[in-house]
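So the structure is just underneath, and the comments pick up after that.
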Amino acid sequence: MTVLVRDLRSDDPADVAAFTHARHRALPFILWTPEAVVHRLAHTPPRARSRCLVAEEDGEVIGTAQVGLVHDSPEPGQAFLNVYVHPERLRRGAGGLLVRTAEEYLACEGATKLYAWALDGPANLAFAERHGYRRRRAAHFLRLDLSHATLPPLWSPPPGVELRTAADFTDDPRPMFELDAETVADEPSDVDIEFTNYEAWLAATWRHPLLNRELTTVALVDGRPAAFSVAYTDGTRYSTAMTGTVRDQRGRGLAKLAKTDSLHRARAAGYTEALTGNDTDNGPMLAINKWLGYEICATEVRHVRELG
Ligand SMILES: CC(C)(COP(=O)(O)OP(=O)(O)OC[C@H]1O[C@@H](n2cnc3c(N)ncnc32)[C@H](O)[C@@H]1OP(=O)(O)O)[C@@H](O)C(=O)NCCC(=O)NCCS
């Protein structure tokens, strides 16, 4: 039985479905659908040199990797490789082969610093260390059982604040782009991200197949979008892709309000499970999620390896 690594055949629905399945089994806390996998490959700018790799054994997809350059960071040379092997197909060499293939490719593309997430656990951490990666920051995955949880009741917005949904911005989404750009820049991370290209944002983020505009709540302050809670749904599960408040409106309860509203509407729409993820240093967001009733269900650790 030989394991081989090759590119995902993004025009082959069966291959994309197998990739998505293996990735979901390895990391069930993040929503991924075949449409989202293809969308990401198609709409990441060419300078990111994005690739999806699969590890295959006897015709079965047993591992996945998403790799590329961090194209939206002001610091050049940064790259990522996220490798996930189906939990029932471990110890067959798929992970090591995916890492080697990704590293060789990224080095050829000019990468000098490689970032990789690993689910917390002795085997994964030892694997990362053996491949020369050092531990950096960590992030939690959190889950809320919407069918049983008692959500905090929704309250009336303070004077000057009104709640809308992203669907209200269909004709002109630019204010959503500006809100997203300002808040993403402040998310705790060891890679600085800044995005300025509206057309690229429209294609990659606004038209993302998992984005549920009706369940994405936006809080306006004096008519201007000031906070939002971005909902992704895959038909059965609901996940928060981002919550953010513009700098000059933080500490007023607007993120809490937007997320609480979105969760109430998700539950009314029939969703029974809510997922989210937070950097372990994101005190305010963890406080909000704890208050909403979320519980930590897994932790992942970001690793870095410097080349040369
Ligand atoms: C995180 C963020 C969305 C919070 O927005 P906000 O509108 O200020 O949040 P709220 O006012 O609704 O609630 C903040 C809560 O965090 C608490 N808090 C603030 N700083 C805290 C800290 N360092 N540690 C713990 N709790 C903290 C506040 O006390 C408040 O809770 P309370 O109402 O019980 O007092 C905002 O800081 C932001 O946009 N950050 C950048 C983007 C980001 O990191 N988003 C999350 C991605 S997962």
Side-chain angles (χ1 to χ4, degrees), residues 27 29-31 72-73 82 115 117 136-144 149-164 166 175-196 201 205 208 210-212 215-222 224-233 237-266 274-302:
L27 193 70
F29 320 105
I30 294 184
L31 303 194
D72 43 10
S73 171
N82 292 314
Y115 288 97
W117 286 107
R136 293 286 278 268
R137 56 195 321 123
H140 295 309
F141 293 111
L142 300 98
R143 184 179 175 275
L144 177 65
T150 311
L151 283 176
L154 199 59
W155 60 100
S156 303
V161 177
E162 52 180 324
L163 296 182
R164 289 271 189 273
M176 298 298 297
F177 165 71
E178 284 158 8
L179 179 57
D180 201 19
E182 177 171 338
T183 54
V184 163
D186 287 350
E187 240 185 309
S189 171
D190 35 26
V191 180
D192 288 336
I193 300 290
E194 59 180 22
F195 52 84
T196 50
W201 177 87
T205 305
H208 194 285
L210 294 173
L211 175 65
N212 189 322
L215 296 184
T216 294
T217 297
V218 189
L220 309 189
V221 174
D222 300 328
R224 176 177 85 107
F228 67 161
S229 191
V230 179
Y232 273 16
T233 53
R237 300 195 303 164
Y238 162 100
S239 172
T240 307
M242 174 67 188
T243 298
T245 301
V246 291
R247 290 176 201 119
D248 63 2
Q249 297 291 336
R250 288 185 190 153
R252 294 186 62 198
L254 296 183
K256 260 185 173 175
L257 181 64
K259 191 156 182 176
T260 306
D261 179 73
S262 177
L263 282 168
H264 274 283
R265 288 183 306 103
L275 299 164
T276 195
N278 300 135
D279 190 280
T280 53
D281 282 344
N282 201 335
M285 204 59 231
L286 285 166
I288 294 170
N289 286 329
K290 189 171 174 203
W291 177 81
L292 286 163
Y294 281 86
E295 287 175 3
I296 293 171
C297 52
T299 298
E300 59 177 355
V301 183
R302 173 97 102 160

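Atoms within a ligand are numbered from 1 in the order they appear, just like the ligands themselves. On a predicted model such as this, the values are computed, not experimentally measured, just so you know.
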Pick from G283, G253, G244, A241: the one approaching atom 25 (C) of ligand 1 most closely through a non-hydrogen atom: G283
Atom indices of ligand 1, in the order listed, that fall short of 4.0 Å to a heavy atom of L254: 7 (O), 12 (O)
Smallest separation among heavy atoms of P225 and V246, with atom names: O-CG1, 4.3 Å
Nearest non-hydrogen protein atom, atom 43 (C) of ligand 1: E187 CG, 3.5 Å
Aromatic plane relationship, H208 with Y232 - under 30° parallel, 30 to 60° tilted, over 60° perpendicular: parallel
Residue part near ligand 1, for A255, under 4.0 Å between non-hydrogen atoms: both
Closest heavy-atom pair and its distance - R237, I30: NH2-O, 4.0 Å
Option among T243, T240, T216, D261 that satisfies the side chain to side chain donor-acceptor pair (under 3.5 Å) test with S229: T243
Within-cutoff protein neighbour (heavy atom, under 4.0 Å) for atom 28 (C) of ligand 1: no
Among Q249, E182, R250, closest by any non-hydrogen atom to atom 40 (N) of ligand 1: R250
Rounded distance [0.5 Å steps], CG in N278 versus CD1 in I288: 9.0 Å
Ligand 1 to D186 polar contact by distance, N or O atoms, under 3.5 Å: no
Ligand 1 contacted by A185 (non-hydrogen, < 4.0 Å): no
A227 heavy atom under 4.0 Å from ligand 1: no
Flag: protein heavy atom within less than 4.0 Å of atom 20 (N) of ligand 1: yes
Distance (rounded to the nearest 0.5 Å) between D248 CG and R250 CZ: 9.0 Å
Shortest protein heavy-atom distance from atom 42 (C) of ligand 1, along with the residue and atom involved: T183 O, 3.3 Å
Protein contact to atom 23 (N) of ligand 1 [nearest heavy atom, distance to 0.1 Å]: P284 CD, 4.1 Å
Spacing of CZ belonging to F228 relative to OG1 belonging to T183, to within rounding of 0.5 Å: 4.0 Å
From M285 atom CE to E187 atom CD, the distance as rounded to the nearest 0.5 Å: 9.5 Å
E295, CD atom: more than 12 neighbouring heavy atoms under 6.0 Å: no
Pick from A139, G251, A258: the one approaching atom 8 (O) of ligand 1 most closely through a non-hydrogen atom: G251
CG on L275 to CG on L142, rounded to 0.5 Å: 9.5 Å
Distance filter under 4.0 Å to G277 heavy atoms, resulting ligand 1 atoms: 48 (S)
Heavy atom of the protein closest to atom 35 (O) of ligand 1 (residue, atom name, distance): K256 NZ, 4.7 Å
Residue portion contacting ligand 1 (non-hydrogen atoms closer than 4.0 Å) for V246: neither
Protein contact for atom 45 (N) of ligand 1 (heavy atom, distance under 4.0 Å): yes
L292 and T260, any side-chain heavy atoms less than 4.5 Å apart: yes
Region of N282 engaging ligand 1 - heavy atom pairs below 4.0 Å: side chain
Atom 2 (C) of ligand 1 touched by protein (heavy atom, under 4.0 Å): no
Close-contact set for ligand 1 against R252 heavy atoms, below 4.0 Å: 11 (O)
Under 4.0 Å to a heavy atom of A287 - the qualifying atoms of ligand 1, by number: 16 (O), 26 (N)
Identity and separation of the nearest protein heavy atom to atom 48 (S) of ligand 1: N278 ND2, 3.2 Å
Heavy-atom side-chain contact between Y238 and L263 under 4.5 Å: yes
Shortest protein heavy-atom distance from atom 39 (O) of ligand 1, along with the residue and atom involved: T245 N, 2.9 Å
Closest protein heavy atom (residue, atom, distance) for atom 15 (C) of ligand 1: I288 CG1, 3.9 Å
M242 and ligand 1 - part of the residue with a heavy-atom distance under 4.0 Å: side chain
Distance in Å, R143 CZ paired with N289 CG, rounded so as to fall on 0.5 Å steps: 14.0 Å
Nearest heavy-atom neighbours spanning A227 and T245: CB-OG1, 3.6 Å
H264 (side chain) donor-acceptor with P152 (main chain) under 3.5 angstrom: yes
Enumerated ligand 1 atoms positioned under 4.0 Å from heavy atoms of P188: 44 (O)
